[in-house]
Student: 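Before I ask anything, let me first share the structure, which is written out below as structure tokens.
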Amino acid sequence: MCLSCIQHTMSLRRRSRVTEQDLKDVLEMKRERDMLQQRRQNIEQNIEKERELAKKSIQDGMKEKALQHTKEMQDQRQRLTRLEERLAKLEDKILEIDLYKIEAEAEDIVKKVKENRQKWNDSNEEENVWQAVVKITNKGWSCFFIEMMFEAPKGQYVAFTTEVNIVPDTFPSEHCEDWECKGTLV
């Protein structure tokens, strides 16, 4: 893993914003991760190849050759273990930066909501009242919900909705219990 990426990641904790350099470092770490994953596949293929060669050497009666292949297989497994440890550390670092980015974005959203709330509180009382009117029909039922959209950072929006309401708040028949409740499906 690049040393500058690690150092840069450590300094990330002291800042409140994710910079362009942070994004470049994450990209470089992801490239390194992809390279390590490819190397892991190669090592796994080499282990399988050495196992097959050792098996064939035993069948052919060449014990020394089988021993060499077994030793090479063990060396490959040790390389694989070290590589997987390095890969795990790299994945943890990438995850840490990704989580930091999410935290920074959440802080921006909270800040924007606080600003909007302050604007809301500072505005006229009449501007703080909304009314939704639903026409109730004499026949059947109507359902509705209210959705409110508030501006968030980066041109995004945060949506809040009410629960679904059904009007009128009645049932199509009288209350019944057990065998009294016979009906048909439409």
Side-chain angles (χ1 to χ4, degrees), residues 1-118 143 145-164 185:
M1 183 180 338
C2 70
L3 184 59
S4 66
C5 294
I6 295 172
Q7 291 168 342
H8 196 78
T9 302
M10 297 306 171
S11 71
L12 191 62
R13 292 188 181 121
R14 293 184 284 264
R15 290 183 276 123
S16 63
R17 287 250 177 237
V18 177
T19 65
E20 191 68 31
Q21 184 61 43
D22 299 330
L23 299 175
K24 288 178 183 178
D25 288 346
V26 169
L27 184 61
E28 187 176 329
M29 284 188 235
K30 287 181 178 181
R31 284 184 186 139
E32 185 176 353
R33 176 199 59 199
D34 294 346
M35 180 192 70
L36 291 175
Q37 288 173 339
Q38 182 63 42
R39 194 178 300 164
R40 177 176 57 193
Q41 283 181 334
N42 292 342
I43 290 173
E44 288 170 345
Q45 289 171 355
N46 288 342
I47 290 171
E48 184 59 30
K49 180 177 141 188
E50 291 297 330
R51 189 179 75 71
E52 290 297 323
L53 289 172
K55 196 174 173 182
K56 186 176 184 322
S57 296
I58 288 173
Q59 289 173 349
D60 293 344
M62 301 187 308
K63 291 181 182 178
E64 283 296 316
K65 194 78 166 165
L67 190 57
Q68 287 175 344
H69 290 299
T70 303
K71 185 169 175 28
E72 180 60 30
M73 208 167 53
Q74 289 172 343
D75 290 344
Q76 291 285 338
R77 283 192 178 127
Q78 288 175 352
R79 282 188 204 118
L80 184 61
T81 301
R82 287 191 303 270
L83 185 133
E84 286 178 342
E85 288 170 358
R86 186 174 169 195
L87 194 55
K89 287 179 184 177
L90 188 59
E91 287 285 352
D92 288 346
K93 196 56 63 181
I94 290 170
L95 181 62
E96 180 181 343
I97 292 173
D98 286 344
L99 288 174
Y100 180 82
K101 287 190 311 188
I102 291 169
E103 286 175 1
E105 288 176 10
E107 286 175 9
D108 287 346
I109 290 172
V110 167
K111 182 179 175 185
K112 188 73 171 181
V113 167
K114 285 180 180 178
E115 289 171 4
N116 285 339
R117 186 182 320 150
Q118 187 61 42
C143 68
F145 72 98
I146 301 170
E147 179 179 53
M148 297 161 284
M149 303 288 285
F150 295 96
E151 190 176 342
K154 299 180 183 175
Q156 298 175 337
Y157 290 89
V158 177
F160 295 95
T161 61
T162 65
E163 62 186 23
V164 173
L185 293 176

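The first residue in the sequence is number 1, and the count goes up from there. Worth saying up front: this structure is predicted, and the values here are computed from it rather than measured.
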Student: Not counting sequence neighbours, which residues clear side-chain contact (heavy atoms from CB on, under 4.5 Å) with Ala88? List them please.
Tutor: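 Residues passing side-chain contact (heavy atoms from CB on, under 4.5 Å) with Ala88: none at all.
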Student: For Glu147, I'd like to know if atom CD has over 12 heavy atoms of other residues, nucleotides or ligands within 6.0 Å.
Tutor: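 Counting neighbours around CD of Glu147, more than 12 heavy atoms of other residues, nucleotides or ligands fall under 6.0 Å, so yes.
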Student: Any sub-3.5 Å donor-acceptor pair from Thr161's side-chain atoms to Ile146's backbone N or O?
Tutor: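 A pair under 3.5 Å: no.
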Student: Atom OG1 of Thr81 and atom CD of Glu84: how far apart are they, to the nearest 0.5 Å?
Tutor: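 Separation between the atoms: 6.5 Å.
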Student: The test is salt bridge (Lys or Arg N to Asp or Glu O under 4.0 Å); show your working for Glu44 and Arg39 and say whether it passes.
Tutor: CA-CA 9 Å; Glu44 288 170 345; Arg39 194 178 300 164; over 6 Å; no
Student: How long is the span from the CD atom in Gln76 to the CD atom in Gln74, to the nearest 0.5 Å?
Tutor: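 These two atoms lie 11.5 Å from each other.
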Student: Going by salt bridge (charged side-chain N to carboxylate O under 4.0 Å, His left out), name the pairs with one or both residues in residues 67-81, residues two or more places apart or in two chains.
Tutor: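 Passing the test, one end in residues 67-81: Glu72-Arg79.
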Student: What's the spacing between Leu36 CG and Met29 CE if we round to 0.5 Å?
Tutor: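 These two atoms lie 12.5 Å from each other.
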Student: For Lys56, give me all partners under salt bridge (charged side-chain N to carboxylate O under 4.0 Å, His left out), at least two apart in sequence or on another chain.
Tutor: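 Scan of Lys56 (salt bridge (charged side-chain N to carboxylate O under 4.0 Å, His left out), adjacent residues dropped) gives Asp60.
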Student: Kindly indicate whether the side chain of Met149, heavy atoms from C-beta on, has any atom under 4.5 Å from the side chain of Val158.
Tutor: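 They are not in side-chain contact.
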Student: For Lys49, enumerate each residue passing the side chain to side chain donor-acceptor pair (under 3.5 Å) test, keeping only those at least two apart in sequence or located in another chain.
Tutor: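 So Lys49 forms no side chain to side chain donor-acceptor pair (under 3.5 Å) with any residue.
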Student: Is the closest side-chain heavy-atom distance between Ile43 and Leu83 below 4.5 Å?
Tutor: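 Heavy-atom side-chain distance check passes, below 4.5 Å.
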Student: Do Asp92 and Glu96 come within less than 4.5 Å of each other through their side chains, counting heavy atoms only?
Tutor: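 A side-chain contact under 4.5 Å is absent here.
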Student: Using side chain to side chain donor-acceptor pair (under 3.5 Å) as the criterion, list what pairs up with Glu48, not counting sequence neighbours.
Tutor: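 Once residues adjacent in sequence are excluded, the partners of Glu48 under the side chain to side chain donor-acceptor pair (under 3.5 Å) criterion are Arg51.
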Student: Using 4.0 Å as the upper bound for N to carboxylate O, is an ion pair formed by Glu28 and Arg31?
Tutor: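 Judged by the 4.0 Å cut-off on N to carboxylate O distance, Arg31 and Glu28 do not form a salt bridge.
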Student: Looking at Arg33, Lys30, Glu85, which one forms a side chain to side chain contact (heavy atoms under 4.5 Å, CB included) with Leu90?
Tutor: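 Single pass found, and it is Arg33.
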Student: Which residues pass the salt bridge (charged side-chain N to carboxylate O under 4.0 Å, His left out) test with Arg82, sequence neighbours left out?
Tutor: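 So Arg82 forms no salt bridge (charged side-chain N to carboxylate O under 4.0 Å, His left out) with any residue.
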Student: Measuring from Lys89:NZ to Ile94:CD1, what's the distance to the nearest 0.5 Å?
Tutor: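 Lys89 atom NZ to Ile94 atom CD1 measures 14.5 Å (nearest 0.5 Å).
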Student: Using every non-hydrogen atom in the two residues, find where Ala66 and Ser57 come nearest and quote the distance to one decimal.
Tutor: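 Smallest heavy-atom distance, with atoms named: N-CB, 3.6 Å.
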Student: Going from CG on Asn42 to CD1 on Ile47, what distance comes out if it is rounded to the nearest 0.5 angstrom?
Tutor: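 The CG atom of Asn42 sits 11.0 Å away from the CD1 atom of Ile47.
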Student: Any side-chain heavy-atom pair from Ile58 and Lys63 closer than 4.5 angstrom?
Tutor: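 No, side chains not in contact.
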Student: Distance check, rounded to the nearest 0.5 Å: Leu67 atom CG versus Met73 atom CE?
Tutor: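 If I round to the nearest 0.5 Å, the distance is 10.5 Å.
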Student: Determine, stepwise, if the pair His69 / Lys65 fulfils side-chain contact (heavy atoms from CB on, under 4.5 Å).
Tutor: CA-CA 6 Å; His69 290 299; Lys65 194 78 166 165; 3.7 Å; yes
